[in-house]
Every structure is written in structure tokens, then in C-alpha cells.
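What follows is a short report on a single structure.
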Amino acid sequence: MDQFIMKGGTPLRGEVVIGGAKNAALGIIAGALLTDDDVIIENLPDVRDVNVMLEALKEIGARVDRTDRHTVTINASDVSAVSIDDEFIRKIRASYYFIGALLGKYHRACVPLPGGCAIGSRPIDQHIKGFRALGTEVQIRNGCVQAEAKNGLTAAHIYLDVVSVGATINIMLAASLAEGRTIIENVAKEPHIVDVANFLNSMGANIKGAGTDTIRIQGVKRLHGTDYPVIPDQIEAGTFMCAAAATRGDILIKNVIPKHLESISAKLLEMGNTIYEYDEAVRVIGSQHQRATDVKTLPYPGFPTDMQPQISVTLALASGTSVVTESIFENRFKYVDELARMGSSIKVEGNVSVIDGVSGFTGASVNALDLRAGAALVIAGLSAEGITVVNEIGFIQRGYEHFEQKLQKLGAQIELVSNDREAQKFRLKVS
Ligand code: UD1
């Protein structure tokens, strides 16, 4: 029953160093399957999703050596199975990247179909459409995606009907080793798409246009080993930016690519906060008089859906009425009921929330519900008067490395507790 318990009300101040991007790392780890050589991945975040992905690799026979906490060497020359165990898929959706990677290398894959999830139904029809276009027979049987390209993968011209991060990466993985020139149109442009493409190119792939609407991939015969550092995590950085604003603090956020944070910076500036950008850092100074603004989530370079709960918490403490439109996932406002327990005033109608800013939150016991909602509730707790307990923090640990320790260094009174006794001790300490 791990929980985060915190006493809010202290403005967060100081420096925080951002880790490697989880969502880039997940695609890159699967990409390591595409060669028999050693692949060294650096700046790997030590978070649950990444560790589950590495476990799944081991399970099919890959060698995985953790050189240090943030570096791993993967060797897939002895992979003996093209089936991923159900257990891993249940823990982490991104194991669908194994379909693209196994297809690319072995022309066969059998991966359980990931189920729905807390933020909405998440179909993979665009992934499947891409694989089929590359000459793969795909069937869903007994809950599994069974894919086989009997005559190998052949290049294709693919138009994605929906801008999908997962489908873009998955098709890139498979097409890197396909015969001929694949063109994928209407692709996602998120920073991690570019990072996975750069990673594959560092292995000898020939991928052009990542970061634009069209990706062109000239298939190669084989890929070789590489030593590749993962880019900094846009969403972890954005989360600390919102934490600075919501607690009226002052945080220097280091090891970031400020360009990736522009949509988040723009909204925090509109709210009246101060932001300084440096080469590899941003500093956010939270204003005492923040104003409401409207936010709409969109594919990159638009405002990220993965930042919607965190900015909503920040807006809920700004004066005036904000409108937040969630255009990527239909069910991403469930945290609103939890936040209401802390005194927020938010109405949800379909994919739109109307936030009436309040002058402060009060502490409560709340449930994390999903990864980003959980992080947002921690920000809310740190801004609230009194004690907040965030339950089900396993969700948060999927994507934030030592979240509580990074927050403690910024002056937050927060602890990870595992039982009532520890929680009681914390209450006594801060009372
Ligand atoms: C990735 C991120 C996730 C982020 C999301 C949007 C990873 C591991 N996860 O998820 O954190 O919130 O991008 O930035 O990188 N869709 C279809 N058919 C498909 C695929 C997607 O209809 O085949 C729809 C989805 O339901 C959703 C939208 O397209 O409405 C975007 O989804 P997508 O970009 O694929 O999200 P994920 O890759 O699952």
C-alpha cells in the first residue's frame, strides 16, 4: 500500500535534473531487437515501464545487462521466441512495439492485444494497417496479434488515418529492415518519434523526415550495434514546470530541450508566470497572481495530452475561468472527482472541462487513477493546505523516477510511506 503523503503549502524552490524520456526509451528498447550486435542505451530512466520492457526482452532470450542505473546493454542475438507473454502486455501497453521490431527482424510476431486503459479506449488499428501494407498477414486470434510476413517485408506507401505516436514508431521499426522505400504520411511528430528515428539511424537505418508530417524509410539489409543516449523527458520537465507555477515556487529545471517545452511554456506565460530559457534548462517562477487561460490538447507541437492533468491543477488555482479541451483521449478527466475532494471547482462535459479557479486547495486522501493524473494530484497536494495522501502510486512510478526525492530536494514535505505507522510518523513530524 505505498502512498505519497505530503504537507502542502511550501513553494518549491531549487534545481531539478530531468531524466531520459520514458516514451522514447520504450521504442528504443524494442528497436534493440533489430540487430544481433550490442546496443548500449544511455540516459535510460529507471522507471517501472522501462524495467517491465527490459524484463519482457529477457523473457524472449535477449541479454540485458544493466551497466549502471541509467545505462543498459542489450544483445538480441540469442532471441529464441517471437511471442511476448501476456503478463508483460498487461503491465505495459508499449510492449506493442515488440510487434514492429519482431516483424522487422524475424518476419513473425505474436503479441497479446493490449486491453483498454484508464484514459480511454486505445485501438491499434493504424499499427495493423501499417503492418498489412508492408506485406504482413495479421490476425487477432485468442486475444493475440499474430503477424507473419511469409515473403519478408516489402516497402509501402502508408497514410495514417489518425495521428498516432505508437503506430508511427511501430511502422518505423518494421520498415527499417523492409525491402524498398516506405513512405508514411500523416505521422506523429513528437520529440520521441525523432529520437527513435535517430536511434535507428545510428544503427545504420535510413530514415528521413522524422519530426515532419511524412517519414521516408529506405530499408536496409541489416542494422548494427550502437551507443545511444535517450533525449530528456518532455513530460517530466513539464510536470516540474507546473509544480513551480502551482506552488508559486521558483525551479530551475535542468537537462531539458526547451524547444520541446514551448507549448507548456506558452500556457504558463499566458497565466502570468515568468519563464527563463537557457540552452539546456528552463527556470519557472510562479506568479502570486495567475490568470485563467484555455488549453486544447493536440499532437505535437500542440499542447501534450500527457500534460493536461498537471496544467489543469495549475489552472484550478488561477483566478478566472479556464476551458480545457482534451482532443486525444476521451476519458482523461477522471481525476477531476479526486481534485474536487481538495476543493477545486471543475465541471466536465464530454471532452471539455470548465475550471473555475479557487484561491486554494485543502488536503485530502485521493487516488492516482493513472500516471499523469497521479502526478497532477501530487502537485495539487503540494499546493494544498494541510496533509494530502495520494494512493495507488504504482501508476506514478511507471513514469517518474524517484519523484518524491526530486520534490524533497525542492523543499517539498513529501514522503513515500508503506504502512499506517510510517504515515503517522510523517504526520507527527510535520505537525
Ligand atoms: C503515446 C504515449 C502516450 C501519449 C500518447 C499521445 C507512449 C508509450 N505513449 O501513446 O503517453 O499520451 O502517445 O501523445 O509513447 N489511435 C487510433 N488507432 C491507432 C492508434 C491510435 O485510433 O491505431 C488513436 C488513439 O485512440 C488516440 C490517438 O489516436 O485517440 C493518439 O494515440 P497514440 O498517439 O497512438 O497514443 P499511444 O501511442 O498509445
Side-chain angles (χ1 to χ4, degrees), residues 20-31 45 47-50 52-53 56 88-89 91-101 111 113-133 138 140 145 147 158-174 184 186-197 199 230-231 233-236 238-239 260 263-264 296-311 325-333 350-351 370-376 395-396 398-400:
K22 169 184 81 82
N23 287 348
L26 298 172
I28 287 172
I29 290 169
V47 295
R48 217 186 71 187
D49 277 12
V50 161
V52 170
M53 196 83 175
F88 295 105
I89 286 285
K91 283 195 191 145
I92 169 186
R93 273 187 59 87
S95 33
Y96 54 41
Y97 289 142
F98 286 128
I99 312 176
V111 177
L113 193 64
C117 88
I119 59 175
S121 84
R122 294 173 81 172
I124 62 161
D125 56 306
Q126 298 303 307
H127 305 230
I128 292 175
K129 170 178 163 168
F131 299 143
R132 286 196 172 129
V138 185
I140 314 285
V145 181
I158 301 162
Y159 182 90
L160 296 181
D161 304 315
V162 183
V163 177
S164 159
V165 170
T168 305
I169 291 180
N170 230 341
I171 298 168
M172 267 191 334
L173 290 168
I184 326 171
N186 197 31
V187 294
K189 295 181 276 201
E190 266 67 5
H192 39 291
I193 304 279
V194 179
D195 205 37
V196 176
F199 162 76
V230 179
I231 50 160
D233 197 303
Q234 175 204 26
I235 306 299
E236 187 193 12
T239 301
H260 295 168
S263 61
I264 304 160
K296 182 172 185 181
T297 65
L298 287 169
Y300 188 83
F303 192 90
T305 174
D306 285 356
M307 281 301 303
Q308 184 263 102
Q310 303 90 313
I311 196 84
T325 308
E326 172 56 65
S327 62
I328 312 286
F329 292 113
E330 71 273 15
N331 204 2
R332 222 168 180 178
F333 285 124
N351 69 335
D370 71 60
L371 165 59
R372 306 304 173 184
F395 285 116
I396 301 174
R398 283 183 39 203
Y400 292 89

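Each ligand, and each atom within it, is numbered from 1 in the order the structure gives.
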Problem set entry | Interfacing atoms of ligand 1 (cut-off 4.0 Å, heavy-atom, Ile124) | 19 (C), 23 (O)
Exercise. Can you list the ligand 1 atoms lying under 4.0 Å from a non-hydrogen atom of Asn23?
Worked result: 2 (C), 3 (C), 7 (C), 8 (C), 9 (N), 11 (O), 15 (O)
Exercise. Taking Thr168 for the side chain and Val187 for the main chain, is one N or O donor matched with an acceptor at less than 3.5 Å?
Worked result: no
Problem set entry | Check: Asn170 side chain, Tyr96 main-chain N or O, donor-acceptor pair, under 3.5 Å | yes
Problem set entry | Main-chain N/O of Ile328 paired with Glu326 side-chain donor or acceptor, under 3.5 Å | yes
Problem set entry | Nitrogen or oxygen of Ile328 less than 3.5 angstrom from that of ligand 1 | yes
Problem set entry | ligand 1 N/O within reach of Lys22 N/O, cut-off under 3.5 Å | no
Exercise. Of all the atoms in ligand 1, which lie at a distance below 4.0 Å from a heavy atom belonging to Tyr96?
Worked result: 37 (P), 38 (O), 39 (O)
Exercise. What are the two closest heavy atoms between Ala21 and Asp233, and how far apart are they?
Worked result: CA-OD2, 3.3 Å
Problem set entry | For Gln126, the ligand 1 atoms whose distance to one of its heavy atoms is below 4.0 Å | 18 (N), 19 (C), 23 (O)
Exercise. Is ligand 1 less than 4.0 angstrom away from at least one heavy atom of Val163?
Worked result: yes
Exercise. Do any N/O atoms on Leu26 end up under 3.5 angstrom from N/O atoms on ligand 1?
Worked result: no
Exercise. Does ligand 1 have a heavy atom under 4.0 Å from the side chain of His127, from its backbone, from both, or from neither?
Worked result: both
Exercise. Which heavy atom of Pro45 sits nearest a heavy atom of Ala25, and at what distance?
Worked result: CD-CB, 4.0 Å
Exercise. Does ligand 1 have an atom under 4.0 Å from some heavy atom of Arg332?
Worked result: yes
Problem set entry | Any donor-acceptor pair under 3.5 Å from Gln234 side chain to His260 backbone | yes
Problem set entry | Main-chain N/O of Ile231 paired to Asp195 side chain as donor or acceptor, under 3.5 Å | yes
For this session: Measure the distances from the heavy atoms of Pro123 to every atom of ligand 1 and state whether one is below 4.0 angstrom.
Result: yes
Exercise. For ligand 1, which part of Tyr300 has a heavy atom less than 4.0 Å away: the side chain, the backbone, both, or neither?
Worked result: neither
For this session: Specify the closest pair of heavy atoms between Leu173 and Gly31, including all atoms of both residues, with the distance to one decimal.
Result: CD2-CA, 3.7 Å
Exercise. Is it true that Arg332 and Asp306 have a side-chain N and a carboxylate O under 4.0 angstrom from each other?
Worked result: yes
For this session: Pick one of side chain, backbone, both or neither for how Asp125 approaches ligand 1, counting any non-hydrogen atom pair under 4.0 Å.
Result: both
For this session: Determine whether the side chain, the backbone, both or neither of Ala167 has a heavy atom under 4.0 Å from any heavy atom of ligand 1.
Result: neither
For this session: Please examine the side chains of His192 and Ile235, heavy atoms only from C-beta on, and report whether any two atoms are closer than 4.5 Å.
Result: no
For this session: Just jot down the ligand 1 atoms closer than 4.0 angstrom to any heavy atom of Thr305, in number order.
Result: 6 (C), 12 (O), 14 (O)
Exercise. With a cut-off of 4.0 Å, which atoms of ligand 1 are near a heavy atom of Gly166?
Worked result: 35 (O), 38 (O)
